[in-house]
Amino acid sequence: MHTVLIVDDDAMIVRGLEQFVDWGELGFNIVGTARDGEEGMEAIRKLQPEVVLTDIQMPYKDGLAMIEDCLRDGLSPHFVVLTGFNEFEYARRALKSRVSDYLLKPVEEQELIAVMGGIRTQIERTAKTKEDWNVLQSAVSASFSFVREKLVRELATGEISPSSIEDERLVYYNIRLADERYQVALLQGEAQLLGDDKLQEFMTSALEKRGIRLHLARGDAIGTMLLGGERDMERDVTEGLADISGKVKEWLGLTLTFGVSESGALTELKELYRQAELALQHKMFRGGGSIIAYGTIPEESGEFSPVPQEHARRLLAAVSENDEAGVLSELDDFFREIRRSGSLPSHDVYRTCSELLYEVRKALSEMGLAVDKLVGEDVSSSDKMRRHDTLEGLCDWLATILQRVRAHFDRSFEHTGGEQLDNIILYMRTHYADNIDLDVISKKFFIDPSYFCKVFKKKTGETYLHYLTQIRIDKACQLLSNPSSKVYEIASLVGYEDQRYFSQVFRKHTGMTPSDYQKSKTKN
């Protein structure tokens with residue numbers, strides 16, 4: 001609804017105008033009335049009506065004086081002047097084009113409807129023009145920002161040479177390349193935050209206080225910062241970024257992570273960008289919210305310590321024993337070994353975690369358990385794993401998966417019979433090197449040996465002893481694939497103290513001795 005104010009000292013006329021037509025049907029709403037030009041002026045300032053119907057002859061201040069005051073003060077509603085026949089020509093000459101229309105008293109209904117319809121059309125056309133103009137301005141502004149930031153990014157990455165850009169183009173996009181030293185920083189944070197103009201203004205101000213000029217190219221999750229100064233500025237840059245990070249954390253509760261290059265000349269931007277990339281990748285080890293300078297990251301050692309298969313076995317052992325603390329402790333050991341191995345590329349860390357999960361999935365799948373169904377997600381998805389870009393995040397993610405698996409076995413442990421067999425089978429697969437005869441199973445899982453043998457055969461189709469033996473032989477085959485392994489050592493590792501007995505059992509299940517099997521696997 002558009003708004004109307006009526007200004008007239010004659011109460012009968014005001015009441016008549018209010019009731020004269022169906023204002024709502026015309027698209028208008030009467031927001032107030034005033035008795036003279038003085039009251040009218042106050043009402044216009046307060047109510048900001050789009051249309052003012054006003055008489056000319058009124059006490060204190062007449063309608064003409066009120067209109068003049070409004071125009072002088074920058075108030076410009078659509079004025080419709082109500083005038084008698086004897087003053088019509090005077091009003092028209094005095095106001096010229098400063099009013100929308102004139103109505104002779106007494107006002108005719110159809111004439112008022114026609115005038116108000118014309119004004120409504122003008123108001124809506126003006127609003128549409130303003131909206132179109134705002135859209136155009138926004139599009140131009142967005143295009144300018146997009147091109148400018150694209151240019152900054154291409155400069156920082158070395159895709160284009162500073163010398164290949166015309167000075168006029170740099171001036172137009174307000175890009176200054178007169179500084180003597182440069183650094184490149186990559187900023188990672190919330191995508192919505194990186195696109196906020198206020199953040200850019202704050203960062204620009206915080207760095208300018210330290211004599212550093214900022215050109216920023218924003219992205220969905222990573223922003224590129226081209227930093228220039230008149231001297232070596234690495235300390236000033238670090239302090240400025242620390243101030244920005246701290247304030248964003250304090251004000252918004254959000255985390256920013258920076259990878260920062262060393263300082264160099266304008267011609268070295270491509271190398272500086274590479275340094276910033278490598279520094280930001282080290283977030284995996286430093287954690288979110290860090291300011292990681294290229295000069296502080298260790299060289300990649302190329303060495304790697306964790307053995308995923310062994311860690312998976314110990315993790316599953318803790319799961320089978322419903323040992324929550326053991327699961328967390330083993331994960332801590334796994335990631336502690338990753339940290340000790342030095343600076344690794346993130347893809348190596350993800351690969352090792354994938355191998356750990358593969359071993360867990362493999363063991364559970366052999367028991368007929370679907371890991372994805374147990375934990376409620378596709379744990380083999382590399383995209384989901386890569387959402388966790390710090391060691392802490394990866395550790396927490398793996399802990400959640402394993403605790404959900406443990407919860408399944410915890411629920412099974414509360415029952416007897418077939419459901420409890422999941423716990424026992426997992427225990428067998430992770431403790432095959434120990435003495436786990438029927439007496440051990442009976443005492444550990446509080447189950448009658450004869451009943452256990454019956455339900456085990458029904459579930460697996462095999463006897464308990466044959467199932468355990470097959471686990472041990474499968475593991476022995478894996479170990480024998482290593483040409484440096486000793487048969488007597490492998491026998492002990494898979495639960496056989498007597499090497500001769502181990503060889504007999506192995507030959508019975510595979511058709512060859514352990515030594516012959518090892519030769520067949522390693523002859524090439």
Side-chain angles (χ1 to χ4, degrees), residues 301-321 323 326-327 329-338 340-341 348 351-367 402 423-441 443-444 460 462-524:
S301 64
E303 299 177 359
F304 197 65
S305 299
V307 179
Q309 295 83 353
E310 186 57 29
H311 283 284
R313 189 189 69 79
R314 292 201 293 264
L315 281 167
L316 288 170
V319 167
S320 72
E321 296 177 37
D323 183 1
V327 169
S329 176
E330 185 57 39
L331 275 178
D332 286 342
D333 287 345
F334 177 73
F335 281 98
R336 193 176 298 114
E337 288 186 39
I338 292 178
R340 278 202 302 266
S341 64
D348 278 345
R351 175 181 55 79
T352 303
C353 291
S354 294
E355 291 175 1
L356 179 74
L357 275 174
Y358 171 78
E359 294 297 328
V360 171
R361 287 166 60 88
K362 178 183 175 184
L364 296 175
S365 295
E366 289 173 354
M367 295 170 53
L402 289 164
N423 301 66
I424 299 174
I425 292 173
L426 184 59
Y427 183 82
M428 291 165 62
R429 288 186 171 278
T430 54
H431 291 79
Y432 54 82
D434 302 332
N435 175 27
I436 46 175
D437 58 21
L438 284 176
D439 186 51
V440 170
I441 294 295
K443 291 177 179 178
K444 184 169 185 61
T460 65
E462 302 179 44
T463 65
Y464 163 73
L465 182 57
H466 186 274
Y467 194 93
L468 176 60
T469 301
Q470 191 60 56
I471 291 174
R472 288 170 166 168
I473 297 303
D474 289 344
K475 184 62 179 178
C477 288
Q478 292 179 26
L479 296 173
L480 286 166
S481 297
N482 184 347
S484 62
S485 298
K486 306 298 183 184
V487 173
Y488 71 88
E489 292 176 341
I490 292 174
S492 177
L493 289 173
V494 297
Y496 293 95
E497 295 181 4
D498 186 335
Q499 179 185 341
R500 182 179 298 178
Y501 179 64
F502 164 64
S503 296
Q504 292 174 354
V505 174
F506 189 91
R507 184 170 185 174
K508 181 179 179 181
H509 278 75
T510 65
M512 62 180 74
T513 66
S515 298
D516 290 340
Y517 182 89
Q518 187 174 43
K519 290 176 183 178
S520 70
K521 292 295 181 180
T522 60
K523 62 182 178 180
N524 297 324

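These figures come from a predicted structure and were not determined experimentally.
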What's the spacing between Leu468 CG and Ile473 CD1 if we round to 0.5 Å?
-> 10.0 Å
Using only heavy-atom distances, determine whether the side chains of Glu359 and His311 contain a donor-acceptor pair under 3.5 Å.
-> no
With side-chain contact (heavy atoms from CB on, under 4.5 Å) as the test, would you mind laying out the steps for Thr513 and Ser503 before giving the verdict?
-> CA-CA 6 Å; Thr513 66; Ser503 296; 5.6 Å; no
Is it the case that Ser329 and Asp332 place a side-chain donor and acceptor less than 3.5 Å from each other?
-> no
With a 3.5 Å cut-off and no angle check, do the side chains of Arg429 and Tyr467 form a donor-acceptor pair?
-> yes
Heavy-atom closest pair (Leu315 atom, Val327 atom, distance to 0.1 Å) is CD2-O, 3.5 Å
Between Phe506 and Tyr517, what is the ring plane arrangement, given parallel below 30°, perpendicular above 60°, and tilted in between?
-> perpendicular
Which value, rounded to the nearest 0.5 Å, describes the distance between Thr460 atom OG1 and Gln470 atom CD?
-> 12.0 Å
Exam field: side chain Arg314 to backbone Glu330, donor-acceptor pair closer than 3.5 Å = no
For the pair Phe334 and Glu310, evaluate side-chain contact (heavy atoms from CB on, under 4.5 Å) and give the outcome as yes or no after the intermediate values.
-> CA-CA 10 Å; Phe334 177 73; Glu310 186 57 29; over 6 Å; no
Starting at CZ of Arg361, measure out to CG of Leu356 and round the result to the nearest 0.5 Å.
-> 12.5 Å
So which heavy atom on Ala476 is nearest to which on Val494, and how close?
-> N-CG1, 3.8 Å
Out of curiosity, Tyr432 OH to Thr430 OG1, how far, rounded to the nearest 0.5 Å?
-> 9.0 Å
Minimum-distance pair of heavy atoms, taken over all atoms of Asp498 and Arg500 | OD1-N, 2.9 Å
If you round to the nearest 0.5 Å, how far is CG of Leu480 from OG1 of Thr510?
-> 9.0 Å
Is a side-chain donor or acceptor of His431 paired with a backbone partner of Tyr427 at a separation under 3.5 angstrom?
-> yes
In sequence, state the C-alpha distance, the side-chain angles, and the governing distance for Arg340 and Glu337, and then conclude on side-chain contact (heavy atoms from CB on, under 4.5 Å).
-> CA-CA 5 Å; Arg340 278 202 302 266; Glu337 288 186 39; 3.3 Å; yes
Criterion side-chain contact (heavy atoms from CB on, under 4.5 Å) on Cys353 and Leu357, from CA distance to verdict | CA-CA 6 Å; Cys353 291; Leu357 275 174; 5.9 Å; no
Where is the tightest heavy-atom contact between Pro308 and Glu355, given as atom of each residue plus distance?
-> CG-OE1, 3.3 Å
Do any N or O atoms from the side chain of Gln518 and from the backbone of Ser481 form a donor-acceptor pair under 3.5 angstrom?
-> no
Can you find a pair of side-chain heavy atoms, one from Thr469 and one from His466, that are under 4.5 Å apart?
-> no
Separation between CD of Gln478 and CG of Leu493, rounded to the nearest 0.5 Å = 12.0 Å
Are Pro514 and Ile490 side-chain neighbours, meaning at least one heavy-atom pair lies under 4.5 Å?
-> no
Within the distance-only criterion (no hydrogens, no angle test), does the side chain of Arg507 pair as donor or acceptor with the backbone N or O of Met512 below 3.5 angstrom?
-> no
Verify, without hydrogens or angle tests, whether Ser492 (side chain) and Glu489 (backbone) share a donor-acceptor contact under 3.5 angstrom.
-> no
